[in-house]
There are 2 protein chains.
Amino acid sequence: MTVSKTAAGDAPKPSRPARKEPAEVSAENVPLQLGELSELLGYSLKRAQLKIFEDFLRCVAPLQLTPAQFSVLLLLDRNPGRNQTEIASTLGILRPNFVAMLDGLESRELCIRIRSTNDRRSHILMLTDKGRAVLARAKKLVATKHEARLNELLGPSKRAALLEMLGKIAREL
Amino acid sequence: MTVSKTAAGDAPKPSRPARKEPAEVSAENVPLQLGELSELLGYSLKRAQLKIFEDFLRCVAPLQLTPAQFSVLLLLDRNPGRNQTEIASTLGILRPNFVAMLDGLESRELCIRIRSTNDRRSHILMLTDKGRAVLARAKKLVATKHEARLNELLGPSKRAALLEMLGKIAREL
DNA sequence: CGATATTCGGTATGTTGCATAACAATTATC
DNA sequence: GATAATTGTTATGCAACATACCGAATATCG
């Protein structure tokens, strides 16, 4: 059987003149053939990435954090005393685009910019207490909801294998 | 050992007045710690996806095709006689955004819109001969350059496993 | 030392991808 | 035949991403 949606109420098609196409019965619900598309790594990669970001946003919604913001908080926590250029470049964010992002985080009092005394051009970035608290809660949500779901979907060993391959691609391609 | 980059030429730091920080020797080239970031699937996924799209664009540059355009051509080839809504929705493209995309492809004479006779609202999409030729050349470039590189990086079996996991995430998450 | 080049954060700006509302034409529904 | 739904389209807004440029501060080198 092909038709599964459109539910009950099937038109029984008792006696029809069939003006043009007899296959018109189920409204041509034939799904498209992906063809070579399902063999394209980039295609699956993009679609999977969108799904995962979507799920991330859902799981961490109570804290109003995007994946990018979460990654910044994580990096600030692990690397205190760094400036904007260092944080941005490690995340692949261009400095100009990082400004507005920091403005957002700083206006929510999750982090602060401190003018460095060694080099008065640069701003040292620091998590605030509130930032650390939000990060802790976010970590918990990500672990128990987001990553847990992926673990359940793939299994721990496959998930690890996936992570390793993605890292390899990101690093060595 | 932690430090592995920065290679040879280690400054032995013999006798330095060390005006401020003795660690200033190698210009503080200490790379940032990714921390939990490297365990975040979404993070690696995004970065890998960017790299792969980048490589795709490079490999198929002579034909001036983006991944999205390539996927449209592939889909049109496999599914002749479909309209814009069907093609767009299978690719996860919203109809309004699909218009400009088709304008681009049609202006390059890679495909054409044909007013359907059954339903004069919809446009049937068809590849032109030029479109089929470009698609054939693109397929070859993708196979011999892009996917070949990934095969060489991951190995065929791991590549297949990766593709399967990504598909599962895209479908079931 | 001082002139030049470089780096830092920041602004301005443009492009692209992605999402929603609305519309005319056409078709389906009742 | 009146109403609702669908198709392609336009307009529009937002977010991500990229480049050029600026002033301030620092580094480099003659």
Side-chain angles (χ1 to χ4, degrees), chain A residues 6 9 11 16 19-21 24-29 42-43 46-47 49-51 53-54 57 64-69 71-72 81-107 111-125, chain B residues 19-21 24-25 27-29 42-43 46-47 49-51 53-54 57 64-69 71-72 81-106 111-125:
Chain A
T6 64
R16 265 293 202 82
R19 192 186 307 224
K20 288 227 166 173
E21 294 269 345
E24 194 195 352
V25 182
S26 63
E28 294 250 22
N29 263 351
Y43 178 74
K46 178 81 183 282
R47 303 217 76 163
Q49 185 258 319
L50 290 175
K51 280 295 188 94
F53 268 44
E54 198 179 299
L57 284 172
Q64 283 289 96
L65 282 183
T66 68
Q69 289 172 327
S71 68
V72 170
R82 301 295 190 145
N83 62 27
Q84 297 184 198
T85 298
E86 291 172 308
I87 299 293
S89 79
T90 9
L91 291 175
I93 303 175
L94 295 174
R95 270 100 64 201
N97 301 328
F98 195 48
V99 174
M101 191 166 175
L102 270 186
D103 289 346
L105 292 176
E106 201 175 13
S107 73
C111 69
I112 49 174
R113 302 181 231 222
I114 306 176
R115 189 136 254 140
S116 168
T117 54
N118 305 335
D119 184 341
R120 285 185 4 224
R121 291 170 297 184
S122 58
H123 290 170
I124 297 307
L125 298 180
Chain B
R19 193 187 307 223
K20 287 227 166 172
E21 294 269 346
E24 194 195 354
V25 182
E28 294 248 21
N29 264 349
Y43 179 73
K46 178 80 183 283
R47 304 217 75 165
Q49 185 258 316
L50 289 175
K51 280 293 187 98
F53 268 43
E54 198 179 299
L57 284 172
Q64 283 288 94
L65 281 183
T66 68
Q69 289 172 327
S71 68
V72 169
R82 300 294 190 145
N83 62 25
Q84 297 185 196
T85 299
E86 291 172 307
I87 299 293
S89 80
T90 9
L91 290 175
I93 304 175
L94 294 174
R95 269 100 60 198
N97 300 328
F98 195 47
V99 174
M101 190 165 178
L102 269 187
D103 289 346
L105 292 176
E106 201 174 13
C111 69
I112 51 175
R113 304 182 230 221
I114 305 176
R115 189 135 256 141
S116 168
T117 55
N118 304 337
D119 185 341
R120 290 192 352 233
R121 290 171 295 184
S122 58
H123 290 171
I124 297 308
L125 298 179

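Chain naming here is simple, since letters A, B, ... match the order of the sequence lines and numbering starts at 1 in each. From a predicted model like this one, the values you see are computed outputs, not experimental measurements.
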Donor/acceptor link under 3.5 angstrom from B/Arg121 side chain onto base of D/dT6:
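Flag set: donor-acceptor pair detected.
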I need the [atom1]-[atom2] distance between [X] and [N], as an integer number of Å.
{"X": "A/Leu65", "N": "D/dA15", "atom1": "CG", "atom2": "C1'", "result": "17 Å"}
{"X": "A/Arg115", "N": "D/dA25", "atom1": "CZ", "atom2": "P", "result": "7 Å"}
{"X": "A/Asn118", "N": "D/dA27", "atom1": "CG", "atom2": "C1'", "result": "15 Å"}
{"X": "B/Leu57", "N": "D/dC17", "atom1": "CG", "atom2": "P", "result": "15 Å"}
{"X": "B/Asn97", "N": "D/dA11", "atom1": "CG", "atom2": "C1'", "result": "12 Å"}
{"X": "B/Asp103", "N": "C/dT16", "atom1": "CG", "atom2": "P", "result": "14 Å"}
{"X": "B/Met101", "N": "D/dT10", "atom1": "CE", "atom2": "P", "result": "17 Å"}
{"X": "B/His123", "N": "C/dT26", "atom1": "NE2", "atom2": "P", "result": "10 Å"}

Which nucleotide in the set D/dT19, D/dT26, D/dT10 lies at the smallest distance from any side-chain heavy atom of A/Arg120?
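Among the listed nucleotides, the one closest to the side chain of A/Arg120 is D/dT26.
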Counting N and O atoms only, with roles assigned by atom type, does the side chain of A/Arg95 sit under 3.5 Å from a partner on the main chain of A/Thr85, one being a donor and the other an acceptor?
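No.
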Are any side-chain N or O atoms of B/Glu106 and backbone N or O atoms of B/Arg113, one a donor and one an acceptor, separated by less than 3.5 Å?
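Such a contact is found between B/Glu106 side chain and B/Arg113 backbone.
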Looking only at heavy atoms, which two atoms of [X] and [Y] are closest? And how far apart?
{"X": "A/Phe53", "Y": "B/Gly42", "answer": "CE1-O, 3.5 Å"}
{"X": "B/Cys111", "Y": "B/Leu102", "answer": "SG-CD2, 3.8 Å"}
{"X": "A/Leu65", "Y": "A/Gln69", "answer": "CA-OE1, 3.5 Å"}

On DNA chain D, nearest-nucleotide positions of A/Thr66 versus A/Leu94: which is more 5'?
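Nearer the 5' end of the strand: A/Thr66.
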On DNA chain D, does the nearest nucleotide to B/Gln84 precede the nearest nucleotide to A/Asp119 from the 5' side, or the other way round? Give the residue.
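Looking at the nearest nucleotide for each, B/Gln84 comes out on the 5' side.
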Does [X] place a side-chain N or O at less than 4.0 Å from the phosphate oxygens OP1/OP2 of [N]?
{"X": "B/Thr85", "N": "D/dG8", "answer": "yes"}
{"X": "A/Arg113", "N": "C/dC8", "answer": "no"}
{"X": "B/Arg95", "N": "D/dG8", "answer": "no"}

For A/Lys46 and A/Leu102, take the nucleotide of DNA chain C holding the closest heavy atom to each; which residue's nucleotide lies nearer the 5' end?
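The residue closer to the strand's 5' end, by nearest nucleotide, is A/Leu102.
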